[in-house]
Protein chains: 2
Amino acid sequence: MENPSDETPARWKGLPSWLLTQTAGHAGRLVADGFSSAGARGYHYRLLATLAEFGPASQAALGRRSGIHLSDMVATINELAERELVERALDPSDRRRNIISLTPAGERRLRLLEKRLAESQDELLAPLSPEERERLTELLSRLLDHHDRRTGTSEEPWR
Amino acid sequence: MENPSDETPARWKGLPSWLLTQTAGHAGRLVADGFSSAGARGYHYRLLATLAEFGPASQAALGRRSGIHLSDMVATINELAERELVERALDPSDRRRNIISLTPAGERRLRLLEKRLAESQDELLAPLSPEERERLTELLSRLLDHHDRRTGTSEEPWR
DNA sequence: CCATAATCATTGGTGCGCCTAACGATCCGT
DNA sequence: ACGGATCGTTAGGCGCACCAATGATTATGG
């Protein structure tokens, strides 16, 4: 989607799903650009933020909390560990586990990413008034909540 | 994102960009599921719809109108041509071009996909009242318009 | 008129986010 | 003690968006 000059009033362009995915695309691009200017991507932020919020944890727990798939967790941690933003340590009490924790550099990086993220939000919402932003957020929250309930989070195969 | 049972109130989950991308994820999944039940995916619908709306055209023109990248156009047309939903013919007046057109089967498939698409919209917006759907659509349109203007569509490097 | 530029179709990549399948290692409940 | 669950890891796929390069063809303007 980077085209010039063609009549483009296609009929699907008013559909909620289209508006959502396209707007989300712009949002994602803004956020990703902000992150990449700090050499990071979405998963990096999510992992760092999760660590900051809940403290050191195993990869599996981090995956649950951040919504990052276990198999992607590995690469994400590798990337962050390479940059020494995060540390992998063996859990003496359970030798299956790694305990991942934030380094001071990681905390600093997180603060940087959060700044970038805040800027992205502003850029994203630029055309909306504060009240409109409020309403949009509320509507999206309702939608997300509804669909999260139906699918994703908290399907209990146990119990 | 298919996890059970973990405290998941992470602080980024109220951010507009998060709400947008996640909701869009659900929307995309709903739509994709609808399409895939007819053996299609997003690009297929977009191409078929573009053909139906603007008539036969070259791959390049279709790309411009549908927002599908030229390089993805090739595969998309291949897939649709295999199923005989679309036809590739040489343009006698310009031997660089292919003229792509919809077959009767293609039109029928498009109608099916449109039905599925409409169902997806309903499912997506289920928790919202008609007025709320209206407001959401309006807000998203404003956002999309704003960002489309700034980036994507209609950067004229010529002229 | 011809050289250069632009356009078209195609190939073969990249990146991100999300996801599945399989595996060995380890732990836990009964 | 054993079977089932959990943990980390590897390998891969899918969909969407995008970039770079190539060979053909056409358009242009000097």
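In what follows, chains carry the letters A, B, and so on, assigned in the order in which the sequence lines appear, proteins first and then strands, with residues in each chain numbered from 1.
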Review point. Think A:Arg65 forms a cation-pi with A:Phe54, using NZ or CZ under 6.0 Å from the six-ring centre and within 45 degrees of its axis?
Key: yes
Review point. Between residues 74-84 of chain A and DNA chain C, which residues have a heavy-atom gap below 4.0 Å?
Key: none
Review point. In residues 86-103 of chain B, what residues come within less than 4.0 Å of DNA chain C, judged by heavy atoms?
Key: B:Arg88, B:Arg96, B:Arg97, B:Asn98
Check your understanding: OP1 or OP2 of D:dC16 sitting under 4.0 Å from any side-chain N/O of B:Arg29?
Key -> no
Check your understanding: Does one hydrophobic cluster hold both A:Leu19 and A:Trp12, with members joined at side-chain heavy-atom distances below 4.5 Å?
Key -> yes
Check your understanding: Rounded to the Å, how far apart are A:Leu30 CG and C:dC16 C1'?
Key -> 16 Å
Review point. C:dG17 P sits how many Å from B:Leu20 CG, rounded?
Key: 16 Å
Check your understanding: Of all residues at least two apart in sequence or in a different chain, which pass the side-chain hydrogen bond (donor to acceptor under 3.5 Å, both in side chains) check with A:Asp122?
Key -> none
Practice item. Using a 4.5 Å cut-off on heavy atoms from C-beta on, say whether the side chain of B:Gln121 contacts that of A:Ser17. Key: yes
Exercise for review: Under the side chain to side chain contact (heavy atoms under 4.5 Å, CB included) rule, collect the residues that match up with A:Glu138, sequence neighbours excluded.
Suggested key: A:Arg142
Study note, to complete from the structure: Atom NE2 of B:His44 and atom C1' of D:dC14 are separated, to the nearest Å, by 12 Å
Point to revise | D:dT9 OP1/OP2 closer than 4.0 Å to side-chain N/O of A:Gln59 | key: yes
Revision key, fill the gap. Here the distance between atom P of D:dC18 and atom CE of B:Met73, to the nearest Å, is 15 Å
Review point. How would you label the contact of A:Gly42 with the nucleic acid (heavy atoms, under 4.0 Å): base, sugar-phosphate, or nothing?
Key: sugar-phosphate
Review point. Nearest to the side chain of B:Leu70 - D:dT9, C:dT11, C:dT10?
Key: C:dT10
Practice item. Please state whether the phosphate of D:dA17, meaning OP1 or OP2, lies under 4.0 angstrom from any side-chain nitrogen or oxygen of A:Gln22. Key: yes
**Study point:** Separation of C:dC16 P from B:Trp18 CH2 (nearest whole Å)
**Key:** 17 Å
Check your understanding: Between D:dC16 atom P and A:His26 atom NE2, what is the distance in whole Å?
Key -> 17 Å
Check your understanding: Looking at residues at least two apart in the chain, or sitting in another chain, which of them share a ring pair (Phe, Tyr, Trp, His ring centres under 6.0 Å) with A:Tyr43?
Key -> none
Point to revise | Nearest-neighbour nucleotide for the B:Arg41 side chain, D:dC16, C:dT11, D:dT10 considered | key: D:dC16
Check your understanding: Taking only residues two or more places apart in sequence or in another chain, which ones pass side-chain hydrogen bond (donor to acceptor under 3.5 Å, both in side chains) with A:Asp33?
Key -> none
Check your understanding: For B:Tyr45 and D:dG15, what is the distance between atoms OH and C1' respectively, to the nearest whole Å?
Key -> 18 Å
Exercise for review: Side chain of A:Asp72 only, please: which of D:dC18, C:dC18, D:dA11 is the nearest?
Suggested key: C:dC18
Point to revise | B:Glu84 backbone acceptor or donor facing B:Thr103 side chain under 3.5 Å | key: yes
**Study point:** CG on A:Leu140 to OG1 on B:Thr23, rounded to 0.5 Å
**Key:** 5.0 Å
Check your understanding: Is any side-chain N or O of B:Arg64 closer than 4.0 Å to OP1 or OP2 of C:dC8?
Key -> yes
Point to revise | Side chain of B:His69 - closest among C:dG17, C:dC19, D:dC18 | key: D:dC18
Check your understanding: Picking from D:dG8, D:dC19, C:dT20, which would you name as closest to the side chain of B:Ser71?
Key -> D:dC19
Exercise for review: Determine, using the 4.5 Å side-chain heavy-atom cutoff (strictly less than), whether A:Val74 and A:Ile100 are members of one ILVMFWY cluster.
Suggested key: no
